[in-house]
Amino acid sequence: MPDNAKPLRLRAEDADDLAVMSAALQDAVGKIGDIRFEAQPRRLTLTLNRYRWEAGGRSRVRAALQLGSVEGVEARRLRRDAPDAVVELLALTFEPDAEPPGGALILSFAGGGDLKVRVECVDAVLADVSDPWPTPRTPRHET
């Protein structure tokens, strides 16, 4: 499969940056067990299979999303006891605190689950970490 698109590497430091990152992550799938919170370095890392919308679709790539300056993580409607359960990321948004630059990053998943990640400031990195592979399915959304 010829593919001239370079691996995606994005950094987000504000809500506008996160909107770009969210678009790149729409319909990424991963397993609950691939979500890791490390309290000491205050870091949350997710590894996902990202649908490559920017390359015209029809392929996925393994990608890592890392959130820094994390103060805490709350999960809602995600089966943490089922590490092989698959989740589909729909959006990544930011809810600022009254005192900038802190707030909450919200990772919204299909089926109504989400992660609320309290952060000192927006500090996110997204990087493709594998070669792309073809996929026969294009993600679809009900209107």
Min side-chain heavy-atom separation [X]-[Y] under 4.5 Å:
X: Asp128; Y: Arg9; answer: yes
X: Trp53; Y: Asp27; answer: yes
X: Ser69; Y: Arg42; answer: yes
X: Phe109; Y: Leu115; answer: yes
X: Arg43; Y: Val70; answer: no
X: Glu38; Y: Thr45; answer: yes
X: Met21; Y: Leu65; answer: yes
X: Leu78; Y: Val87; answer: yes

**Report entry** Inter-residue atom distance Asp123.CG - Gln66.CD, 0.5 Å rounding
**Finding:**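 Answer rounded to 0.5 Å: 8.5 Å.
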* To do: First locate atom CG of Leu67, then atom CG of Leu92, and finally report the distance between them rounded to the nearest 0.5 Å.
  =>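 Leu67 atom CG to Leu92 atom CG measures 7.0 Å (nearest 0.5 Å).
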Checklist entry - Can you hop from Val61 to Val125 via hydrophobic side chains spaced under 4.5 Å? => result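 They do not share one cluster, since no chain of ILVMFWY contacts under 4.5 Å joins Val61 to Val125.
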key: Joint hydrophobic cluster, Leu90 plus Leu44, side-chain heavy atoms closer than 4.5 Å   =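 No, separate clusters.
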Thr93 and its side chain to side chain contact (heavy atoms under 4.5 Å, CB included) partner, picked from Leu105, Leu107, Leu18, Ile106: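 Considering Leu105, Leu107, Leu18, Ile106, a side chain to side chain contact (heavy atoms under 4.5 Å, CB included) with Thr93 is found only for Ile106.
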If only atom types and distance count, is the side chain of [X] paired as donor or acceptor with the main-chain N or O of [Y] below 3.5 Å?
X: Arg50; Y: Thr47; answer: no
X: Arg60; Y: Asn49; answer: yes
X: Asp97; Y: Glu99; answer: no

Over all atoms of both residues, closest heavy-atom pair of [X] and [Y]:
X: Ser22; Y: Ala91; answer: OG-CA, 3.5 Å
X: Leu126; Y: Ala63; answer: CD1-CB, 4.1 Å
X: Asp81; Y: Pro83; answer: O-CD, 3.4 Å
X: Val129; Y: Ala64; answer: CG1-CB, 4.3 Å
X: Ala24; Y: Leu10; answer: CB-CD1, 4.2 Å

Review point. Could Glu13 and Arg11 be called an ion pair, given the rule that one side-chain N must be under 4.0 Å from one carboxylate O?
Key: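 Yes, this pair counts.
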Quick test of your reading of the model: are Arg62 and Asp34 salt-bridged, counting only N-O distances below 4.0 Å?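 Looking at Asp34 together with Arg62, the answer is yes, because their closest N to O distance falls below 4.0 Å.
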Verdict with supporting geometry, Val29 and Tyr51, side chain to side chain contact (heavy atoms under 4.5 Å, CB included): CA-CA 8 Å; Val29 294; Tyr51 192 79; over 6 Å; no
Item to complete: Verify the neighbour count for atom CZ of Arg76: are there more than 12 heavy atoms of other residues, nucleotides or ligands below 6.0 Å?
Response: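 Yes, CZ of Arg76 has more than 12 neighbouring heavy atoms, counting only those of other groups under 6.0 Å.
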Problem - Test side chain to side chain contact (heavy atoms under 4.5 Å, CB included) applied to Arg77 and Asp114, step by step - result: CA-CA 7 Å; Arg77 296 187 64 188; Asp114 59 47; over 6 Å; no
